[in-house]
Amino acid sequence: MDLLKEMSGTSTKPDVSFYGTVVWGLCEQNKLEEAKALVGEMKKCGIEANHIIYTALIDAYFKRGNESEALKLLEQMQDLRIVPTVVTYCALIDGLCKSGLIDKVSYFFKRMSDMGLQPNVLVYTALIDGLCRNNCLEEAEKLFDEMLIKRMAPDRAAYTSLMDGNLKHGKLHEAFSLRDKMVEIGFELDLPIYGSLIWGLCKVGQVQEARNLLSEMIEKGVFPDEAVYLCIINKYHDLGYMTEANELRNEMIKRGLVNGNKDSVESNVRT
DNA sequence: ATAGGGTTAG
């Protein structure tokens with residue numbers, strides 16, 4: 001904003017790409033009202049905002065949890081005949097999924113195709129993740145297969161989302177075969193993957209298997225975090241394995257996984 | 001100048 005004021009005194013006239021950079025910067029700083037105001041200012045100068053500016057704003061409003069404003073901006077974009085891109089739809093679909101507005105998502109997904117935009121891996125993953133979180137595992141699986149049919153290569157995030165969805169639905173066998181596929185493809189198993197598997201195993205009471213996976217990840221050099229430990233420790237408590245619980249707690253503390261101070265860990269572990 | 005990858009008890 002200061003930069004703009006400075007420029008108004010000079011002969012240089014800011015163009016759309018200059019405004020875009022400023023809007024983007026304001027979004028990064030979470031100054032969304034200022035960013036939106038700038039779009040109005042642009043208009044007064046006879047410069048129309050473009051799809052990149054609108055996409056950045058829509059994404060930022062969703063991330064702030066203001067989905068109604070984000071949808072308003074999308075409408076505005078449409079009124080101004082600014083053509084959305086795959087990136088716009090990705091922000092939109094992901095935003096809707098994460099705001100729990102899953103029922104609006106299939107409409108936009110369809111509209112996207114109607115516009116001739118091809119959903120890419122990021123769009124599919126956002127949708128798969130949203131469906132898995134909203135109890136629509138079958139839909140998610142269908143989309144995953146659709147990706148394969150289209151010869152798109154689902155990446156680690158896509159696999160992880162579907163695997164996690166299966167775990168949340170207690171389908172351990174499917175989850176582990178997805179893990180095997182990831183290994184086959186050559187993806188390194190990372191903390192979110194191990195964390196998700198361990199959580200899923202604990203949920204169904206297979207705490208020993210969870211414990212084995214913890215050992216496995218450490219062996220492979222994947223550093224477990226506090227949540228992974230607490231997941232197993234708390235399950236040990238539930239099942240009455242107090243010795244194992246304490247042992248693991250000590251191991252966690254020894255590893256310095258205290259994330260700040262010891263009190264915070266103590267308060268998170270059920271006693 | 002734009003886009004994602006969860007924290008997970010009950």
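Just so it is clear: chains get the letters A, B, ... in the order the sequence lines come, proteins before strands, and each one is counted from 1.
You'll find that the side chain of A:Lys235 is closest to B:dG10, out of B:dG10, B:dT7, B:dA1. Listed nucleotides B:dG4, B:dA1, B:dT7 differ in distance to A:Ala227; the shortest reach to its side chain belongs to B:dT7.
Side-chain nitrogen and oxygen atoms of A:Lys63 include at least one within less than 4.0 Å of the OP1 or OP2 phosphate oxygen of B:dG4.
Salt-bridge annotation for A:Lys142 and A:Glu146: absent, with no side-chain N of the basic residue lying under 4.0 Å from a carboxylate O of the acidic one.
Atoms CE (A:Met163) and C1' (B:dG4) sit 16 Å apart, rounded to a whole Å. Counting to the nearest Å, the P atom of B:dA9 and the OH atom of A:Tyr236 are 18 Å from each other. Between the P atom of B:dA1 and the NE2 atom of A:His51 lies a distance of 12 Å, rounded to the nearest Å. Taking atom CG on A:Leu96 and atom P on B:dA3, their separation rounds to 17 Å, with Å as the unit. Remark: P of B:dT7 and CD1 of A:Ile233 are 19 Å apart, rounded to the nearest angstrom. Per the geometry, OH belonging to A:Tyr19 stands 20 Å off P belonging to B:dT2, to the nearest Å. A:Leu167 has its CG atom 15 Å from the P atom of B:dT7, to the nearest Å. To the nearest angstrom, P of B:dA1 lies 15 Å from CE of A:Met42.
Looking at residues 74-92 of chain A, you'll see A:Val87, A:Cys90 sit with a heavy atom under 4.0 Å from some atom of DNA chain B. Using a 4.0 Å cut-off on heavy atoms, the residues of residues 133-141 of chain A that approach DNA chain B are A:Arg133, listed by number. Looking at residues 149-156 of chain A, you'll see A:Asp155 sit with a heavy atom under 4.0 Å from some atom of DNA chain B.
For residues 44-61 of chain A, the salt bridge (charged side-chain N to carboxylate O under 4.0 Å, His left out) pairs, not counting sequence neighbours, are A:Asp59-A:Lys63. Counting only residues at least two apart or on different chains, no salt bridge (charged side-chain N to carboxylate O under 4.0 Å, His left out) pair has a member in residues 15-26 of chain A. Residue pairs meeting the salt bridge (charged side-chain N to carboxylate O under 4.0 Å, His left out) criterion with at least one member in residues 111-123 of chain A, sequence neighbours excluded: A:Lys110-A:Asp114.
Residues meeting the side chain to side chain contact (heavy atoms under 4.5 Å, CB included) test with A:Ile149, sequence neighbours left out: none. Judged as a side-chain hydrogen bond (donor to acceptor under 3.5 Å, both in side chains), and not counting sequence neighbours, the contacts of A:Asp94 are A:Lys98. A:Asp225 is linked by a side-chain hydrogen bond (donor to acceptor under 3.5 Å, both in side chains) to nothing, counting only residues two or more places apart in sequence or in another chain. With sequence neighbours excluded, no residue satisfies side-chain hydrogen bond (donor to acceptor under 3.5 Å, both in side chains) with A:Glu219.
A:Ile193 comes within 4.0 angstrom of a base, heavy atoms only. Nucleic acid contact for A:Gly200: none, since no nucleic acid atom lies under 4.0 Å from a heavy atom of the residue. Within the nucleic acid shown, A:Trp24 comes within 4.0 Å of sugar-phosphate atoms alone, with no base atom in reach, counting heavy atoms only. Counting non-hydrogen atoms under 4.0 angstrom, A:Asn50 reaches a base of the nucleic acid. Contact annotation for A:Asp190: no contact, since no heavy-atom pair falls under 4.0 Å across all strands.
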Verdict with supporting geometry, A:Lys235 and A:Glu209, salt bridge (charged side-chain N to carboxylate O under 4.0 Å, His left out) = CA-CA 12 Å; A:Lys235 198 67 197 178; A:Glu209 285 79 357; over 6 Å; no

Please report, to 0.1 Å, the donor-acceptor pairs under 3.5 Å made by any side chain of residues 178-198 of chain A, with sequence neighbours excluded.
from	atom 1	to	atom 2	distance (Å)
A:Asp190	OD1	A:Ile193	N	3.1
A:Tyr194	OH	A:Glu216	OE2	2.6
A:Ser196	OG	A:Asp164	OD1	2.6

Taking distance alone, no hydrogens or angles, what donor-acceptor pairs closer than 3.5 Å link side-chain atoms of residues 69-84 of chain A to residues at least two apart or in another chain?
from	atom 1	to	atom 2	distance (Å)
A:Glu69	OE2	A:Lys36	NZ	3.0
A:Gln76	OE1	A:Tyr54	OH	2.6

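With hydrogens and angles left out, the side chain of A:Asp238 and the base of B:dA9 share no donor-acceptor pair within 3.5 Å.
A:Trp199 carries A:Lys168 over the face of its six-membered ring, with the cationic atom under 6.0 Å from the centre and within 45° of the normal.
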